Structures are given as structure tokens and as C-alpha cells.
Amino acid sequence: MKKIIEWFKSSASDFALFIILLLLVNFVGSNAYKRLDLTKDKSYSLSQASKTLVKNLDEPVSVRVFFDKNLPAQYNNVFQYVQDLLEEYSHAANKNFTVSYMDMSKEDNVALAQNYGLKQQQIQEVTNNEIGVKQVFMGLSISYGDNVELMDPIASTEGFEYNFTSTISKMINTSASLENLKGDDKIKLYVFLSNAVKTLRISGVSEMEDIVKDACASINKSKMDKLDCIVIHPAVDEVMGYTEHYGIQPINFRNDSGVLETGCLGVVAEYGDRFVTLPVQIQDIFFNNYAVVGLDDLETTINDSIRTLITRPTQFGYVVGHGELDLLTDEGASGFNEALSNLYEIVTLDLTTDDIPASMKSIVINGPKMDMTEEELYKIDQFVMKGGNVLFLMEPCQEVQSNSFYGQMTTYAANETNIERLINKYGVSIDHEYVMDEVCCEVFNNNYGNLDLYWAPLLQKEHMNKKHAVTANLGNVVMLQSGALTIEENKNVKSTILVESSDKAWTEQPDGLILNPLMIAPPDNASEQSKKTLMVLLEGNFESAFDEAPVSESEESEGQGDYKISTHLAKSKQPGKIIVAGASQITTPQVFTSDASSGVAVLIINAIDFLNGNEDLCKMRTKGVSLNVLNTESKAKVTFFQLFNEYGLALLVVIAGLIVWRMRAKKKIRINKTYNSDDERFEENLKKEKSEAQA
């Protein structure tokens, strides 16, 4: 023992102790470490909502990552990002969260991936100056209980945290809802197939029943046997009732005898008073070759339908009846409807007959073109006074069809409605003119080249409020046909500008305006151009736009009776939130993609999330480097930075090399002069270097 102590005290133990210290530091660092995320939008850090979710897991969540090795650089970065973020989840989670990385060089793991339903993706690969195609796995599976969900493919870092956290949350909610189904209470999966249709020579018809039954049996293994498959062969007199009620496909055809018959085909999931019609139908896939489509990925479709039926998503109201954009048509807000329906339950409200439910947190008013009654305005006003939140998407101008020498033309006129009385009272007014901006979308014309669409400002990060969750990190937002907003001072209300134009914007009067790039030009006087406010957030205690509740005609005729009872609120009892945008066209399919991939789609969804108290979702949704786009305000700047990246960096390296070379030469001269000044070779080298420098 004495020798060991002496050895520790001697210098002979220094190296061994140093190695032991390194091992201990490495061990501690691998189990207790602190990461520093220096990215501007905290792309490599988890939001609080994600941390809370995995920290409070009651049941095991198992994540299996299926990524092939040796992917091209752009996909390798995606895998590294996924790995880093999953490590963050693991450190934030409790013991019920596990992550496994599957070695895809093993056949068993490939078979497991295929069994889960992951598909190999085709990607381009450059090897030895040749371009080839490679089949790879780039996805993951999430298991919760007997339920499995996939994220496949993961080809981009954008939105990964949002999709991952949302998937786990949906799985937990679905599982809890299934457990709450009592006894024999089951979800019904109806297969409607007329006997006459079964005889048609259409691909997939004869196999349809078996495919649906097999999918139902497979799903029941993970859904506690809560799905009941029922096949119905409707009689001819029942077809119309089913097609009108469920919206399944009616089919008119002539049988072999030439007699006209009517049948139907479809698959419907139903629970209680709610149902979802699955996209299973007959289509002409190639020149009168008909087939049943929608059967290939039937299990996924059924699972999505089950989740829709048994989980109650947050509702928001969509006011109709005054020329607002239709949720179902391409000319209206169909893209808005499709994107938001995946996240919320949209409840249409006709305020002439409907009241706004007390449980509803927010409503959307999208492009009204007609006046509302006093009773309708009052319902909206009192909803705000009770702490309700409203998204006003105003339409500054409306189309006017007129005849001219060139035929029918579309011009515009001011769209003034009495709902502006409300937003004016709350603190915002709108100009009935279109905002034009030199920083805008372009379109190429064969005759005229690139044409500027001044009425479609293309806004980047510098035009968004960088400090607010709704707009932080957003870019490439097209504010189509927008009107300018003016904020009125109100000491009880906090106003925040969310979106504004560039400083090269101006307005055009709607009277006689034709939205043609050849007929619109920026003003000659640059002083007429300035920034315009396009979207505003108001927060606080609002004052009512009404002194008292309006009296309806029926109440006037009946009189007030013996009692006068008033529930009128003159001021907000709790703080509310109002977002006003000077454009409703931003919800149309022209700029609002149904998959919510466009910048303006993310903006509107973030706005609705914020009004419903889901601020963390806004932050998660906008994470990702793909939103870090170049500033396109100045084309000259874009050209400069492009050339600088191509040639400037190389030139800087050359200049830096020359500077270092000259510094080393001067240092060499100083050393020789100090320590070896009598050396003849030094004098010769000095003269030689001076002559080279002069040359």
C-alpha cells in the first residue's frame, strides 16, 4: 500500500492519472452536458411544448429511425439534424421515450421497414462524374401502445419538430379516445357496393370488399378491436339516399342487356353523428380504362379517418352569408379549408340564425362584401367583449365587370362594408386602395420578358415582425391584393405591426383599375413611395362599438314587457386578441397551398394558432434553414452576392496568401538582420528581395 501511495505522489503516475482524468471527464460529459444553440431561430433546440409532452409520457413511445448510410450531402445533413433533435428529445423525456437507429445494411431491418410500410425513395447520386439513381430509406416509425405512425420520407429539416411532436400528441389523444369507447360502442366502417356494379369489368371492383376487410382486420390489431366492418349492397331505390347522405359516388351505366341502371360505390367511416367519406371511387385512369382508386394506401386513410372521428380538435368559427370567400370552391378559400381542416374543426356560422358558441376561442371573417345586420355585428362585438379572438381578413376592393371596346373587362371598386365600424372602434382602419410594391412577384411573358406583378408584394424576413411568434423566421410571403392599414391610438390596446411592405410601395385607386402589369407603373416621384402596414395585431381590453344591445323588429313589436334586462358588455371583461389583415385573397389557391407549404399559408395558420393559444406551435412550424432566404429587395445586391460567392471568396484567399507570404518574408529579413547581419548571403538575398519587391 505504501508503494502505491508513493507511486501516486511521484511524477511517474502523472501520465496514468491524466488518462484516467480524461476518461472520467468524457464519461461525465456524455451523461451531463450542455449544448449551445447559436442559430437565430433555435433550429437545434426543442420548444417548451415538445419538452413538456415527452417529459409527461405515461406510456412507452418507441422511435425507430430508418436511414441508409452514405447518403448524398444534402440528405446526410437531414439525417444529422434528425439525430441531433431526437437526442434533444431523449434528454428532455422521461424513461418512457426511447430511440433506436436501425442498420439498413441488415436484411432484417429492411424487412422491418417494409413491414411498417416505409417506402424506399429515389434520389440522384453523383459518382465518378456520373449521375445515377439510388434507392434509400429516409424515414422513421413511432410506436405508442399497439399503434404505429410513420414519418416518411424525411427529405427536409423544415417542420420536423412540429410534425414529430404533433404525431405523438395525436397518437396519445387517439389512444385515450379509443379507451373511452364503452363496451360494444364501435366505429363503423361501411363498404357500399351495389351488386350491379360488382359485375362491371372495372379493375379493382371485384377485390374491393376483401381489400377493405383485410385493412379493417389489420387495423383492429392496434385499435383494440374497435372497428366494425359492414358491407352493404344497396338496392336501386336506396342508392340515392346513400349518395346524398354520405356523398359517395353514384354510378350510371348500361348493363349487358342495354338497360340503364344506377348503383353506387364508396367507403365511409362513421361514429355517432359524425362520418368521413374515404377517397375510394372509380376514375378514368387512361382513355376509358376505369379502375377503383384509393385502395393502395387504405390503412393510412382509415387511421386518419378514425382520428378525425374520435378526437375532438379545437374549433374555430368561419362567418358566412355576406359574400365571404367560399371554403369549397377554387375561386374561394378551398386551399385554406383543406390545410386548416387537418388541424382544426372549422364551424361555419350564419349569424342571422347562429350564435357564437361560448366554448369557441376564435372566429375568422374572410373578405365580406355585404353589410351585416345590427344583430350580427352585435354578436361579433360581444364575442370580443367576452374575451373572444377574431381574425379579420378584409377585402379593400371588389371586382366589377364592365363592357368595353375590347369586350368584357374586370375593374375594381371600393369595398366598403359596415363591419369596418367594428375594427375602427377596436383601433384599425383600412384604405380602400390596392398596395403596389416594386418588391413583388414576377411572371415571364414571351413577348415582354419578365413582368412585375406589383399587386402581389413578395415579402421577406425584413418585412416581418422578427420578435413575434406569428411572423418570426417567415419569408417569401405573398400579400396578394392587399389594402393598407392605419393604427388608431388606444391606451387600453397594444398594437403590433406583424407585416409591412417594402419602402418602395404605393397605392392605386380602384376606380377603373385593371390589374395588368403593362398598365401599372411605379410613380415618377420617389417621395410617393413608402412602407405600408399590411397586418396588425391588437391585444387588450376593447371597448364595445355599441352603446346598448340593438332591438330587433320582433322585440319592438312586442314591447319591452314588465322588465328591462340587459346583458350588454360595454368593455372587455378579459383581454382579447384581434388580427387584422388588409387582404382576403391571400387565402385563395393562387397563393395559399393546400399542403401549407407556401409562406402566406404558414402566416395564416400561425395567426389562427396564436388566436387559439397555441403560440408554441407557431415557433415549431417556422423552424428550419429553408426559410432563410436571400433578400431580394435589390436585384443589384443579389447579383453582387452571387458573383462574390462565385469569385470573391477565391480572390480573398489569394490576397490573404499574398499578405501572409510578404509578412513571412519581412520576418525573415528582420531575423537575419538581428542575428546574422554580417552574413554576405544575407546582403545578397536582401538586394534580391528588394529588386523583386520593386518589380
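Reckoned from all heavy atoms, side chains included, excluding hydrogens, waters and symmetry mates. Since the model is a prediction, treat every value here as computed from it, not as a measurement.
- Under 3.5 Å, the side chains of T314 and E345 contain no donor-acceptor pair of N or O atoms.
- One finds a salt bridge joining R621 and D609 here, because a Lys/Arg side-chain nitrogen approaches an Asp/Glu carboxylate oxygen to under 4.0 Å.
- The minimum heavy-atom distance linking L200 with F253 is given by the pair CD2-CD1, 3.6 Å.
- Screening N303, D304, D297 for a side-chain hydrogen bond (donor to acceptor under 3.5 Å, both in side chains) involving T300 leaves a single residue, D297.
- Salt-bridge annotation for K186 and E270: absent, with no side-chain N of the basic residue lying under 4.0 Å from a carboxylate O of the acidic one.
- Remark: the E376 side chain and the T352 side chain contain no N/O donor-acceptor pair separated by less than 3.5 Å.
- To the nearest 0.5 Å, the span separating CG on L458 from CG on L480 amounts to 11.5 Å.
- Residues S50 and T165 have side chains that bring a donor and an acceptor to within less than 3.5 angstrom of each other.
- Residues F275 and Y246 place their aromatic rings such that the two centres sit under 6.0 Å apart.
- Ring orientation note: the planes of F592 and F336 are nearly perpendicular, at an angle over 60° on the 30°/60° scale.
- The aromatic rings of F316 and Y344 stand perpendicular to each other, their planes meeting at an angle above 60°, with 30° marking the opposite boundary.
- Between Y89 and F164, the distance separating the two ring centers is shorter than 6.0 angstrom.
- In summary, E149 and K170 do not engage in a salt bridge, as defined by a charged side-chain N under 4.0 Å from a carboxylate O.
- Taking every heavy atom of both residues into account, M360 and G317 meet most closely at SD-N, 3.2 Å.
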